[in-house]
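Every value quoted in this text rests on a predicted model; they were computed, and no experiment measured them. Here is how names work: the chains are called A, B, and so on, in the same order as the sequence lines, proteins then strands, and each is numbered from 1.
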Protein chains: 2
Amino acid sequence: MKSKFGHKIRILRGKQKLLLRELAPLLEMDTAQLSKIERGERQAKKETVLKIAKILNVNSDELVTLWLADQICEVVKDEKNALLAMMVAEESVKYLKK
Amino acid sequence: MKSKFGHKIRILRGKQKLLLRELAPLLEMDTAQLSKIERGERQAKKETVLKIAKILNVNSDELVTLWLADQICEVVKDEKNALLAMMVAEESVKYLKK
DNA sequence: ATATATTTGCCAATATATGACAAGTCATCA
DNA sequence: TGATGACTTGTCATATATTGGCAAATATAT
């Protein structure tokens, strides 16, 4: 799967029986773009993520999390030390939270 | 600390008693840029990371890891679900490795 | 075949990142 | 105190990447 976020919203859109051409205008974009986002060919903006959550009536935290995870994967893809780097980054984040 | 990678190379440079104006030309950049990279004000390119490892004679994996961690931190900074997103991303990476 | 839904390819517009340079600060010391 | 050396800061033009939008192509279903 190319994009967790895209996959998720495609499923949600399907469940609610919405078409690309119906959802896209609500997000002020054209169907082609939304199609690309769903297939992970293009990244959504955070603003778009939040809008989608509202429209599809789902918890925005969940969508934002998937969307962030996609971006992290993009950063570390093909990197031998991907997992290690993520652990190092986690430590920083935990430290900053304190 | 704004950048793990930058911090690390500044330490290494210090230990080897190299000046910005000495190291920078070896990396084909000017001192201002290197200074910004060391302070995390600007991101190094991967190519630069590898070059620095060679010149400072350190293991490139370690530097690449720090550099990746910086980028991950950049992606998730200010995000409430940063840690969760990282865990989700980790799962994907682990899965892809199989 | 026709109609509808989605995908693809392309390009112009926009945004972001980069490199280069000049001027700035700061500490040291003659 | 003022000259020097190391580093930092600000700016700007340009390179690079991302985006939006459209038209055409490809499914998919009737």
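In this structure, CG in A:Leu34 is found 10.0 Å from CG in A:Leu18, a value given to the nearest 0.5 Å. Summarising the geometry, atom CG belonging to B:Asp30 is positioned 9.5 Å from atom OG belonging to B:Ser35; distances are rounded to the nearest 0.5 Å. In this structure, CG in B:Asn57 is found 7.0 Å from CD in B:Gln16, a value given to the nearest 0.5 Å. One distance of note links CG of B:Asp70 with NZ of B:Lys8; it measures 13.0 Å at 0.5 Å rounding. Between A:Gln43 atom CD and A:Ser3 atom OG the span is 7.0 Å, to the nearest 0.5 Å.
Enclosure of atom NZ in B:Lys4 by more than 12 non-hydrogen atoms of other residues, nucleotides or ligands within 6.0 angstrom is indicated.
In this structure the side chain of A:Glu79 reaches within 4.5 angstrom of the side chain of B:Trp67, judged on heavy atoms.
The two residues B:Leu20 and B:Pro25 make their nearest non-hydrogen contact at O-CD, 4.1 Å.
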Check: protein-nucleotides 4-6 of chain D nitrogen or oxygen pairs below 3.5 Å:
unit_1, atom_1, unit_2, atom_2, d
D:dA6, OP1, B:Arg21, NH2, 3.0
D:dA6, OP2, B:Arg21, NE, 2.5
D:dA6, OP2, B:Arg21, NH2, 2.5

Below 3.5 Å is the cut-off: list the nitrogen or oxygen pairs between protein and nucleotides 9-18 of chain C, distance only.
unit_1, atom_1, unit_2, atom_2, d
C:dG9, O6, A:Lys36, NZ, 3.0

Listed pairs, N/O of protein and of nucleotides 24-28 of chain C, under 3.5 Å:
none

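With A:Asn59 contributing its side chain and A:Glu62 its backbone, the two residues share a donor-acceptor pair below 3.5 Å. Looking at A:Glu22, its side chain does come within 3.5 Å of a backbone N or O of A:Leu19 through a donor-acceptor pair.
Look at CD on A:Glu74: it is 13 Å from P on D:dA17, rounded to the nearest Å. Taking atom CG on B:Asp30 and atom C1' on D:dG10, their separation rounds to 13 Å, with Å as the unit. Atom CE of A:Met29 and atom C1' of D:dG21 are 12 Å apart (whole Å). Rounded to whole angstrom, the span from the CD atom of B:Glu28 across to the C1' atom of C:dA20 amounts to 15 Å. Between the CD atom of B:Glu47 and the P atom of D:dT16 there is a distance of 12 Å, given to the nearest Å. Computed from coordinates, the A:Arg39 CZ to C:dT8 C1' distance equals 8 Å when rounded to whole Å. Atom CD1 in A:Ile37 sits roughly 9 Å away from atom P in D:dT19 (whole-Å rounding).
Evaluation of the side-chain contact (heavy atoms from CB on, under 4.5 Å) rule for A:Lys51 yields A:Leu27, A:Glu28, A:Glu47 as partners, not counting sequence neighbours. Not counting sequence neighbours, the partners of B:Glu74 by the salt bridge (charged side-chain N to carboxylate O under 4.0 Å, His left out) test are B:Lys77.
Listed pair B:Ser35 / D:dC7 fails the phosphate criterion, with no side-chain N or O lying under 4.0 Å from OP1 or OP2.
One end of the helix from C:dA1-D:dT30 to C:dA30-D:dT1 points its axis 20° away from the other end's axis, with each axis taken from 5 pairs and the angle rounded to 10°.
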